[in-house]
Amino acid sequence: MSSSVSITLNQCSRTFAGGNTALQPLDLEVNAGETLVLLGPSGCGKTTTLRIISGLESPDNGGQVLFGERDVTALPIEKRDVGMVFQNYALFPNMSVADNIAYGLKIQRLPRGEITHRLDEVMRMVDLQGFGDRRIDALSGGQKQRVALARAIAVRPKVLLFDEPLAALDAKLRDRLRIEIGLLLRELGTTAVYVTHDQDEAMALGDRIAVMQAGRIAQLGTPQEIYHQPANAFVADFIGAVNCLEVISTRADGGLVVHGGELNAAHLQGASTVYCRPEDILVVPLDQADVSGKVVQSIFLGQTQRLLVDTGGATPLQIEAPSRQRWPEGTAIGLKLPSNVLFHPDTPATTINAKEMANG
């Protein structure tokens, strides 16, 4: 496969007709060989960023796109050496699987023997051996997406770009292909940018994740950093489930009084709210609890169950508990919230520069 390259965006913004700004001036560096996931809700600017990287969109005046040291800002997509995988597959229905995959290789005018070699190589990678003569309309959704992926990697691009490729598939197939794509990207070592609104996809595939909000990067970091050290309330709320506890008062000894009890969180002095993840809250005997309340609902999820506990606050606390135990509605329950799992994200998204975060 081709050697990977870094991607650099300098002050890339995008304003459409009517003055609608889809992307605020963005500085971003994608390291050579890494998979960067652009994650966020609809309209946050993630697809616009991907299209600027690909050459399908041009940044506003002053924006610059570099692949390594090469300025590709003015180059169309066909001259950027990128492969793209779309949500809608974008396959040729009148061609066979093999002809779809080989299309880009024929455009490159490669020798027949080299085309055959690469076909065999990529069809093995995406588990499509024996499907070469099959018509596209005879394939399942997952098989079509594998064909689209094989076509993208067959030309050995410097950069692979994914635009919500699994969004149209059912949940079980999404999970399977997510694993396969992750393994494939690690095998290829190609620089990849992957757009999704699915947090599980982002966590599974990204070496780093850029969480986007209103045309800006709210936080850039590893999956662990994004989840356990969210930079602001938007990131904390968007990534996974989170509890937000109102601080009623602060004790002289540093304890934080919340609805249903008191927390030992000296590192959060002055905070008006305290956050924690459902899986970090422990169910303990009432006489050992930091916070107590009553179970209002138990939601069975298979391996675990989600308990909703009323502690007197505006919303029930969510707790992830073992699936085999039972807590009937109205059961009094004690909860332990260790100080090391409590946090308060308070960094405004507008102050974060992606290059500064990438450089530590």
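For this chain, numbers begin at 1 and follow the sequence in order.
Taking the side chain as every heavy atom from C-beta outward, S6 and E29 never approach each other to under 4.5 Å. Annotation: side chain of F238 is in contact with side chain of L39 (closest heavy-atom distance under 4.5 Å). Between R80 and V159 there is no side-chain heavy-atom pair separated by less than 4.5 Å. Side chains of L308 and Q318 form a contact here, defined as non-hydrogen atoms less than 4.5 Å apart. Side-chain contact between T304 and E279 is absent, with no heavy atoms from C-beta onward closer than 4.5 Å.
Between the side chain of Q199 and the main chain of G40, no donor-acceptor pair closer than 3.5 Å is present. Judged by distance alone, with hydrogens and angles left aside, the side-chain atoms of R176 form no donor-acceptor pair with the main-chain N or O of K172 at under 3.5 Å. Looking at K144, its side chain never comes within 3.5 Å of a backbone N or O of N88 through a donor-acceptor pair.
Atoms CD and CD, on Q224 and Q229 in that order, are 10.0 Å from each other to the nearest 0.5 Å. To the nearest 0.5 Å, atoms NZ (K158) and CD1 (I7) are separated by 12.5 Å. We find the CZ-CG distance between R156 and L105 to be 9.0 Å, quoted to the nearest 0.5 Å. Atom CG in L286 sits 9.0 Å away from atom CG in L335 (nearest 0.5 Å). Atom CD1 of I77 sits about 7.0 Å away from atom CG of L161, to the nearest 0.5 Å. With rounding to the nearest 0.5 Å, the separation of CG in L188 from OG1 in T35 is 9.5 Å.
Applying the 6.0 Å contact sphere to CD of E69 captures no more than 12 heavy atoms from other residues, nucleotides or ligands. Environment of CD in Q269: crowded, with over 12 heavy atoms of neighbouring residues, nucleotides or ligands closer than 6.0 Å. Annotation: D287, atom CG; neighbour count of heavy atoms from other residues, nucleotides and ligands within 6.0 Å is above 12. Other residues, nucleotides and ligands contribute at most 12 non-hydrogen atoms within 6.0 Å of the CD atom of Q303.
D198 and T196 form no side-chain donor-acceptor contact under 3.5 Å, judged by distance and modelled atom types alone.
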Inset, instruction - Report the C-alpha separation of R178 and D175 in whole Å, then their side-chain angles, then the decisive distance to 0.1 Å, and conclude whether the salt bridge (Lys or Arg N to Asp or Glu O under 4.0 Å) test is met. - result: CA-CA 5 Å; R178 183 174 70 211; D175 289 346; 3.2 Å; yes
Inset, instruction - Kindly indicate, with the supporting measurements, whether the criterion side-chain contact (heavy atoms from CB on, under 4.5 Å) is fulfilled by M123 and V97. - result: CA-CA 10 Å; M123 290 178 76; V97 167; 4.3 Å; yes
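The shortest heavy-atom contact between T191 and V5 is OG1-O, 2.5 Å.
Between Y275 and F343, the angle of the ring planes stays under 30°, which puts this pair in the parallel group of the 30/60° scheme.
Looking at N61, T21, D60, T48 one by one, the single match for side chain to side chain donor-acceptor pair (under 3.5 Å) with S13 turns out to be D60.
A chain of hydrophobic side-chain contacts below 4.5 Å, direct or via other Ile, Leu, Val, Met, Phe, Trp or Tyr residues, connects M125 to Y194.
Taking the ring centre of Y227 as origin, the terminal cationic atom of R277 falls inside the region bounded by 6.0 Å and 45° from the ring axis.
Ion pairing between R251 and D253 fails under the 4.0 Å rule for side-chain N and carboxylate O.
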